[in-house]
Amino acid sequence: MRTLIAGNWKMHGLQAQLAEIAAMAQSIREQPGDVDVLVCVPATLIAGAAAAAGGLIAIGGEDCSAEEAGPFTGDIDAEMLQDAGATSVILGHSERRQGHHESDAMVAAKAKAAWQHGLATIICIGETKAQRSAGDALKVCGHQLAASLPNMPDCARTSIAYEPLWAIGSGTMPKRAEIVEVLAHVRAALEKRFGSAARSIRILYGGSVTPDNARTMVDTPHVDGVLIGGASLLAADFNAIVDVARGRTSARDA
Ligand code: PGA
């Protein structure tokens with residue numbers, strides 16, 4: 001299984017920042033590797049980012065509507081993302097679950113719409129600090145996973161990103177054992193529900209991943225890749241993380 005290094009630009013980036021995408025693509029051109037590289041950008045940048053990426057790195061959106069084209073002012077559907085040059089989309093990020101009141105059912109409906117239009121999905125789950133302190137991290141993540149991932153997933157095009165809310169943008173990360181515990185729980189739940197097909201679903205860790213801690217992250221059992229916010233905005237940081245993942249095969253393949 002190839003490691004996935006995915007960036008999430010959130011609400012950052014003007015046309016001028018497409019130079020960063022071009023620099024990320026250039027690094028892959030110079031050193032093609034066995035890593036899958038994806039950068040998810042605001043919808044306004046998808047077409048430009050896809051052009052700058054030149055097919056060397058994949059470009060994704062950060063959300064999509066569950067609906068097909070219609071009277072939904074301000075929304076963007078999966079087909080539009082695909083048409084603009086996206087091949088993936090992040091769904092159910094905690095900033096959307098919290099800031100836009102997205103439920104697990106809404107995330108599941110969005111995933112179906114995305115798969116229908118051939119988009120790969122990164123479905124995010126994660127507990128709050130209060131939930132972790134109460135000992136509920138596994139329960140919360142397990143429930144989110146069960147309810148946000150529809151039946152009959154497009155496994156090869158599905159990643160689950162475990163992003164504890166308190167680790168996002170905070171510079172604080174869970175202990176390695178805490179990450180392993182949640183990811184093992186996710187892996188077991190996926191295999192119980194979908195059988196051996198679930199083996200092609202990737203599990204990512206996200207939250208305060210930087211070039212400094214990337215090595216530890218990709219070497220953590222059950223980690224098939226990472227989802228990176230702040231450290232994906234500059235090619236220098238992002239490329240350093242991609243470099244860490246080169247030549248690595250998931251522990252599951254060993
Ligand atoms: P961060 O964000 O890397 O800046 O912590 C991760 C995310 O929200 O996906």
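Note that ligands are numbered from 1 as they come in the structure, with each ligand's atoms numbered from 1 the same way. Values below: every heavy atom of this structure, side chains too, minus hydrogens, waters and symmetry copies.
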Ion pair R187/D224, N-O distance below 4.0 Å: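 Salt bridge flag = yes for D224 with R187.
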Identify, with sequence neighbours excluded, every residue that meets side-chain contact (heavy atoms from CB on, under 4.5 Å) alongside A108.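 With sequence neighbours excluded, A108 shows a side-chain contact (heavy atoms from CB on, under 4.5 Å) to P150, given in chain and number order.
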Enumerate the residue pairs fulfilling side-chain hydrogen bond (donor to acceptor under 3.5 Å, both in side chains) with a member in residues 61-77, sequence neighbours excluded, ordered by first and then second residue.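 Pairs touching residues 61-77 that pass the test: D63-R96, D63-K110, E68-H117.
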Nearest 0.5 angstrom please: N213 CG to Y205 OH, how far?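 Between N213 CG and Y205 OH, I get 8.0 Å after rounding to 0.5 Å.
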For the CD atom of E95 and the CD1 atom of I90, what is their distance to the nearest 0.5 Å?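 Rounded to the nearest 0.5 Å, the CD-CD1 separation comes to 9.5 Å.
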Donor-acceptor contacts under 3.5 Å from residues 136-147 side chains, at least two apart:
from: Q144; atom 1: OE1; to: G126; atom 2: N; distance (Å): 2.8

Anything with a heavy atom under 4.0 Å from ligand 1 counts, so go ahead and list those protein residues by chain and number.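 Correct list: N8, K10, H93, E163, A167, I168, G169, G207, S208, L227, I228, G229, G230.
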